[in-house]
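Below: the structure, in structure tokens.
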Amino acid sequence: MSSASEKTHPFHMVEPSKWPFVGAVGAFVMACGGIYYMSEGSLVGFYAGLAIVLYTMFAWWKDVIKEANGGVDHTETVRHGLRIGMVLFIVSEVMFFFAFFWAYFGASIPMLSRATTGVWPPEGIVPLETWDLPFLNTLILLTSGATVTYAHHAIQLGDHKKCAMGLLLTVILGIIFTSTQAYEYAHATFTFDQDIYTSTFYLATGFHGFHVIVGTIFLAICYFRTLKGHFTPEQHIGFEAAAWYWHFVDVVWLFLFCAVYWWGSAGFVHS
Amino acid sequence: MSNEATAHDHHHDHKPPFFQRWFCSTNHKDIGTLYLAISMVAAIIGGLMSWYIRLELAEPGIQYIDDFQFYNVLVTAHGFIMVFFVVMPALIGGFGNWFVPLMIGAPDMAFPRMNNISFWLLVAGFILLLLSAVIGDGPGTGWTVYPPLSDSNFHPGPSVDFGILSLHVAGASSILGAINLIVTIFNMRAPGMTIHRMPLFVWAILITAFLLLLALPVLAGALTMLLTDRNFGTHFFDPGAGGDPVLWQHLFWFFGHPEVYIIIIPAFGIISQVISTFSQKPVFGYLGMAYAMSAIGVVGFVVWAHHMFTVGFDVDTRAYFTVATMVIAVPTGVKIFSWLATMWGGSIKMEVPMLYALAFIFLFVVGGVTGITLANASADLVFHDTYFVVAHFHYVMAIAAILGMFCGFFYWIGKMSGKQYPRGLAKLQFWVFFIGVNVLFFPQHFSGLAGMPRRIPDYPDPYVAWNYISSVGALITAVGTLLFFVVLWMTLRSKETVGANQWGVGATTLEWTVESPAPFHTHEELPDMTGKAPAE
């Protein structure tokens with residue numbers, strides 16, 4: 001038997017941590033606060049819970065980054081596990097959007113639709129012009145997919161400067177996308193609570209937008225980590241996860257663009 | 001590893017202080033124990049609700065519950081608690097956490113911190129669910145939460161919102177747990193422990209985890225739509241503005257049908273281990289068993305609409321879902337007959353876990369056969385919403401799963417606690433519980449066939465006899481449940497200890513190679529499984 005101090009396996013035995021417990025408390029407060037907001041109208045409880053959750057995420061990931069930079073815990077085997085974990089998380093996210101696409105196609109495909117209107121988009125809805133801002137946003141997001149790949153190639157070659165530049169460009173494109181989306185929402189002629197078209201439109205694109213914001217933050221953190229030299233050509237799991245997440249967000253957008261913005265408004269002629 | 005751990009020989013049994021150990025845990029065994037504990041607490045609450053329901057139904061007319069909304073709140077909360085906070089935490093969170101790492105020869109789970117937040121999110125979800133039942137009028141929607149009953153016209157107030165967010169939080173807990181289990185099984189198997197050498201319990205947990213990963217987010221999406229329909233004026237389920245209440249049913253059952261396999265497949269895994277152990281033979285048709293479970297998991301995703309035959313599908317849709325549903329009987333039959341073939345010619349030891357395994361097979365077959373009956377779209381139009389359905393699903397997923405839990409408990413309690421359960425009393429507990437649940441649920445087939453509807457606290461006089469017998473069965477089951485807690489208490493206080501392998505030659509899996517109780521850390525020296533036979 002080897003001496004007790006030496007680990008004989010490649011796995012990461014994590015020390016006890018208070019953050020999971022604190023995070024769950026935060027989620028509970030956030031849920032209760034959200035319900036209080038929906039029935040009474042005050043957001044204080046929700047924000048309090050959100051603050052706990054955000055702080056937990058900050059502190060927890062700080063621990064993870066410390067372990068990653070320590071150079072001992074994140075062995076090749078552990079990194080392999082982290083990669084599988086991220087892929088599985090993205091799979092679960094795909095299934096989340098699956099529900100919204102089901103709602104959308106269930107309402108819009110004539111064969112499946114029980115919608116009372118009989119036409120799509122329903123009477124009275126003026127959809128957004130496909131080849132206007134939505135198409136511009138498609139180009140922006142596709143370009144950001146290219147810039148993040150550029151950054152990935154750079155880090156694989158150990159070029160931190162180029163990697164940081166690629167990431168910065170990606171983050172900027174993400175912010176432009178979100179701003180365009182916000183502009184589009186603000187100028188749309190229909191609102192969330194009008195009918196099945198507007199409900200599916202805003203929930204599907206809204207959740208996508210939320211994911212873009214999360215992805216942008218994720219990439220921004222990778223940008224700062226690159227500047228600090230956290231990533232090596234061999235070990236940059238945080239970067240890989242962010243890039244995969246970003247590609248996922250990109251693909252969801254392509255589906256949204258084709259199904260909702262393009263096919264979904266093909267039956268409408270703008271005057 | 002911290003420094004003090006290296007100081008003495010028993011470093012692997014060095015446990016952190018109380019708060020750190022139970023609230024900040026990163027140890028798969030402690031987290032598994034926490035899961036088992038919350039499952040027991042929830043079982044008492046959910047069980048009391050069902051006994052109150054049976055008390056009301058013991059006689060026709062209104063005895064105790066004159067508020068029908070409250071009756072439906074009891075039905076709803078009972079269902080949610082039993083599914084999400086009793087069976088899933090015990091089978092997946094409890095035994096999955098405890099025994100997947102032990103059986104594959106891994107020192108812990110892949111993401112120990114995430115493991116802990118899975119547990120605490122479950123606690124948060126449980127509290128939210130209890131709040132939903134006590135705040136306002138409660139959710140009287142049934143566990144299926146169909147709109148329009150669940151929308152803000154018919155359920156104003158925050159109760160249903162609490163229920164929705166409870167499921168959101170519990171769902172997040174399960175998704176994280178599923179990711180953790182899959183990564184553990186894919187990435188942390190001991191050298192030589194190939195996929196085709198994993199014990200069948202590990203296979204069962206792997207398949208269950210994939211079902212969780214794919215099914216729960218769809219429920220989350222549907223719940224989100226219900227939440228915005230109720231609170232932000234959207235129209236997903238509102239036919240007045242182009243929405244569709246049947247959309248909810250599709251989304252719910254697209255999750256809900258895999259969910260019933262999520263509940264039962266881990267029990268399949270436990271039963272396979274136990275039957276093999278106490279027949280002192282390897283499982284008959286190991287690969288067939290593993291892929292039968294996989295097939296059940298895959299086909300389970302394309303049969304959902306058999307829960308909604310009455311919504312007005314065309315005849316082709318009904319024919320498809322009837323046939324697809326019956327196809328599931330094939331891999332299920334493979335499992336049943338392989339269990340029987342495992343026992344065939346074996347040297348069978350009738351220990352308590354084995355009794356539970358045999359009872360499981362009996363109950364699951366009864367529930368499976370009524371499932372074939374209900375799969376027929378034409379017949380289901382008549383059976384829909386009767387007690388026949390209640391009897392069917394309680395046999396096949398409720399009681400069978402609970403017996404699977406008891407089976408796993410008696411099989412592994414020696415490993416978990418190092419103590420021997422009181423054999424005589426445990427056998428008595430088995431018989432009382434087994435007779436109780438059959439007296440409770442078998443008569444419901446008859447009252448159901450005679451047309452007794454679900455979710456109504458009163459019934460006409462012709463249903464008296466079967467309902468009375470059913471309530472007597474509930475009383476017997478209650479005694480059986482109480483006896484279980486007595487057995488648990490006596491086990492934990494017992495002075496009789498068990499060795500590393502308390503079951504002898506039939507117990508071939510890796511958890512029986514570590515001492516009992518299993519030390520705080522195990523498999524720090526990875527076992528070498530190269531060239532060994534499948535560890536079923």
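Computed over heavy atoms, backbone and side chain alike; hydrogens, waters and symmetry mates excluded. Nothing here was measured: the structure is a model prediction, and the numbers come from that model. Here is the naming used below: chain letters follow the sequence lines, and residue numbers restart at 1 for every chain.
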Could you state the interatomic distance from NE2 (A:His80) to CE (B:Met188), rounded to the nearest 0.5 Å?
12.0 Å
Is the shortest heavy-atom distance from the side chain of A:Ile35 to the side chain of B:Leu165 under 4.5 Å?
yes
Which portion of A:Tyr37 sits near chain B, non-hydrogen atoms under 4.5 angstrom
side chain
Hey, could you give me the CZ/CG distance between A:Phe28 and B:Leu131, rounded to the nearest 0.5 Å?
5.0 Å
Spell out the residues in residues 211-224 of chain B that have some non-hydrogen atom less than 4.5 Å away from a non-hydrogen atom of chain A, in order of number; otherwise answer 'none'.
B:Leu213, B:Leu214, B:Pro217, B:Val218, B:Ala220, B:Gly221, B:Ala222, B:Thr224
Interface check, chain B: of A:Phe192, A:Tyr197, A:Phe207, A:Trp19, most non-hydrogen pairs under 4.5 Å belong to A:Phe192
Between A:His12 and B:Pro112, the two heavy atoms sitting closest are O-CG, 4.4 Å
Nearest 0.5 Å, please: how far is CG in B:Leu247 from OG1 in A:Thr200?
10.0 Å
Identify the two heavy atoms, one from A:Asp193 and one from B:Phe232, that lie closest to each other, and give their separation to 0.1 Å.
CB-O, 3.8 Å
Could you grab the distance from atom CZ of A:Phe89 to atom CD1 of B:Ile179, nearest 0.5 Å is fine?
7.0 Å
For A:Gln194, is it the side chain, the backbone, both, or neither that has a heavy atom closer than 4.5 Å to a heavy atom of chain B?
backbone
Portion of B:Phe119 that has a non-hydrogen atom of chain A nearer than 4.5 angstrom
neither
When A:Trp60, A:Tyr36, A:Tyr202 are compared by non-hydrogen pairs under 4.5 Å with chain B, the top option
A:Trp60
Could you tell me which non-hydrogen atom of B:Phe162 sits nearest to which non-hydrogen atom of A:Cys32, and how far apart they are?
CE2-SG, 4.1 Å
Go through A:Pro10, A:Ala99, A:Pro16 and name the one with the most non-hydrogen pairs under 4.5 angstrom from chain B.
A:Pro16
Side chain, backbone, both or neither: which part of B:Asn231 has a non-hydrogen atom closer than 4.5 Å to chain A?
side chain
Flag yes if more than 12 heavy atoms outside A:Phe268 fall under 6.0 Å of its CZ atom; otherwise flag no.
yes
Side chain, backbone, both or neither: which part of A:Ile84 has a non-hydrogen atom closer than 4.5 Å to chain B?
both
Given that the side chain runs from C-beta out, which part of A:Phe21 has a heavy atom under 4.5 Å from chain B: side chain, backbone, both or neither?
both
Rounded to the nearest 0.5 Å, how far does CH2 of A:Trp102 lie from CE of B:Met225?
10.0 Å
Counting C-beta onward and ignoring hydrogens, is there a side-chain heavy-atom pair between A:Leu88 and B:Phe186 closer than 4.5 Å?
no
Interatomic distance, B:Phe236 atom CZ to A:Phe100 atom CZ [nearest 0.5 angstrom]
7.0 Å
Tell me, out of A:Ser92, A:Ser39, A:Gly23, A:Ser17, who's got the most heavy-atom pairs with chain B below 4.5 Å.
A:Ser17
Can you check whether A:Ser199's main-chain N or O pairs, donor with acceptor, with B:Thr234's side chain at less than 3.5 Å?
no
Within 6.0 angstrom of B:Asp137 CG, more than 12 heavy atoms from elsewhere
no
Heavy-atom closest pair, residues B:Glu524 and A:His9:
O-CD2, 3.4 Å
Give a yes or no on whether the backbone of A:Thr77 and the side-chain of B:Asn187 come within a donor-acceptor separation of less than 3.5 Å.
yes
Would you say that more than 12 heavy atoms from the other residues, nucleotides or ligands in this model lie under 6.0 Å from the CZ of B:Phe19, or not?
yes
Taking side chain as C-beta onward, heavy atoms only, is A:Met95 less than 4.5 Å from B:Phe255?
no
Identify which of B:Ala124, B:Pro107, B:Ala110 forms the greatest number of heavy-atom pairs closer than 4.5 Å to chain A.
B:Pro107
Quick check for you: among A:Val25, A:Leu82, A:Val78, which has the greatest number of heavy-atom pairs under 4.5 Å with chain B?
A:Leu82
Contact between B:Leu526 and A:Thr8 at the side-chain level, heavy atoms closer than 4.5 Å - yes or no?
no
Measure across B:Leu128 and A:Ala31 and return the closest heavy-atom pair with its distance rounded to 0.1 Å.
CD1-CB, 3.8 Å
May I ask you to list the residues in residues 20-31 of chain B that approach chain A closer than 4.5 angstrom, counting heavy atoms only, ordered by number?
B:Gln20, B:Phe23, B:Cys24, B:Thr26
Looking only at heavy atoms, which two atoms of B:Leu121 and A:Ala24 are closest? And how far apart?
N-CB, 3.8 Å
